[in-house]
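Heads up, the thing below is written out as structure tokens.
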There are 2 protein chains.
Amino acid sequence: MASASPKILSASPASTDTVDNSYLRTLVGYNARRASLSIIEVFMERMAVYGLKVVDFSVLSLVAHNPGITSRQLCATLGVLPPNLVGLIAALDRRGLIERRPHPSDGRAMGLHLTPAGEDLCGQAEQTAAQLEVDATARLTATERKTLIRLLQKVYD
Amino acid sequence: MASASPKILSASPASTDTVDNSYLRTLVGYNARRASLSIIEVFMERMAVYGLKVVDFSVLSLVAHNPGITSRQLCATLGVLPPNLVGLIAALDRRGLIERRPHPSDGRAMGLHLTPAGEDLCGQAEQTAAQLEVDATARLTATERKTLIRLLQKVYD
DNA sequence: TATTGTTATACTCTATAACTATA
DNA sequence: TATAGTTATAGAGTATAACAATA
């Protein structure tokens, strides 16, 4: 965005819209958060088409690749607390995307499974996610994208 | 954490604590969010010593490097909405860390400045942040850390 | 005694509408 | 008319405590 009337720019540091954030930009945390938010933003937009929030997508995808997974395991994997997952699971159940079946070996737990409708929606959503990722990181080459993922995993693994 | 009794691991996919999240790990967004959260977690812990939240630190640092900056400019730079910055600024003012002076050329705005106490605290916090960054990304070499920052900025710039 | 799933609830963060005073 | 700062408020996200059923 080219700014208008740059004539009166004086020596005063924050006079117009020029803010010096060069120090914050030296911090990994600042950059990771900014990049994360910019990708999540696109994620939210495109998942809204399916009526899914980001965490809904994560749940569907994990259930798809781990049929019979329990709520407790989802919580541990996604960093969500059990009480906050209850309503989310119930909503996906009500929409007919997942099923809660009695766990084969633990009477307390429920095994989660995708319904055919859930399989279908999850498949579409995963394709959308793959495309979205490329779009949201369009300034990266394929190699850079791989490097970025490798370094990010090195941080949190 | 070594898991106990791995003997009874059967063919059932999500029987114990083994969850397959390999698909999610192919997504930049997932990895960026996980890495971001793991760094922010350490950030919160160490900033708590100064009674600062992450956003408080960002505000102090931006005011330090941009004396006279306005609330509006902080909002634009940090992605915070104006109503949500009001209480935050007021609290830093009450603590004697920043001052709100009338803006020299715009009667509606207030220019923000650090007090001597604010300068002091911000300096300490910035040093803590620099050390924290290295600790929170200890598995990265200095070169990898630089590369990571460059790629993250390429995503959101 | 410990754990799964659940309810109720509180706290924080983020978002929207509307007002005031200045531009 | 538009913008800076503010108030009030609503909504989403995240947190803890406690309970019933089962291990």
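Below, chains carry the letters A, B, ... as their sequence lines are ordered, and counting in each starts from 1.
In this structure, A:Ile69 places its CD1 atom 15 Å from C1' of C:dG5, rounding to the nearest Å. Atom P of nucleotide C:dC13 and atom CG of A:Asn84 are separated by 15 Å, given to the nearest angstrom. Spacing between atom CE of B:Met44 and atom P of C:dT12 amounts to 13 Å, rounded to whole angstrom units. The CG-P distance, from A:Leu88 to C:dT7, rounds to 14 Å in whole Å. The CZ-C1' distance, from B:Arg101 to D:dG5, rounds to 19 Å in whole Å. Between B:Asp56 atom CG and C:dC13 atom C1' the separation is 13 Å, expressed in whole Å. To the nearest angstrom, P of D:dA18 lies 16 Å from CG of A:Leu81. Distance CG (B:Leu85) to P (D:dT6): 9 Å, rounded to an integer number of Å.
In terms of modelled atom types and a separation under 3.5 Å, the side chain of B:Thr26 and the main chain of B:Ser22 share no donor-acceptor contact. The main-chain N or O of A:Asn31 is never found under 3.5 Å from a side-chain atom of B:Gln153 such that the two would form a donor-acceptor pair. Formation of a donor-acceptor pair under 3.5 Å by the B:Thr70 side chain with backbone atoms of B:Met110 is not found in this model. Without hydrogens or angle criteria, B:Arg46 side chain to B:Gln131 main chain gives no donor-acceptor distance under 3.5 Å.
Remark: the A:Thr137 side chain and the A:Arg145 side chain contain an N/O donor-acceptor pair separated by less than 3.5 Å.
Ring pair B:Tyr23/A:His65 is parallel by interplanar angle, where below 30° counts as parallel and above 60° as perpendicular.
Distances shown here put every side-chain N or O of A:Lys53 at or beyond 4.0 Å from the OP1 or OP2 atom of D:dA12. Applying the 4.0 Å criterion to OP1 and OP2 of C:dT6, one finds that A:Arg100 has a side-chain N or O inside that range.
Of all nucleotides listed (C:dT14, D:dT16, C:dA17), D:dT16 comes nearest to the side chain of A:Pro83. For B:Arg72, the side-chain atoms get nearest to D:dG5 when compared with the rest of D:dT16, D:dG5, C:dT14.
For DNA chain D, the neighbouring residues in residues 105-114 of chain A, judged by any heavy atom under 4.0 Å, are A:Asp106, A:Gly107, A:Arg108.
Taking B:Tyr50 as the reference, nothing meets the ring-ring contact (aromatic ring centres under 6.0 Å, His included) condition, with sequence neighbours excluded.
Rounded to 10 degrees, the angle between the two end axes of the helix from C:dT1-D:dA23 to C:dA23-D:dT1 is 10°, with five pairs used at each end.
Considering all non-hydrogen atoms of both residues, A:Cys122 and A:Ala64 come closest at SG-CB, 3.9 Å.
Remark: A:Asp157 does not engage B:Arg139 in a salt bridge, criterion side-chain N to carboxylate O under 4.0 Å.
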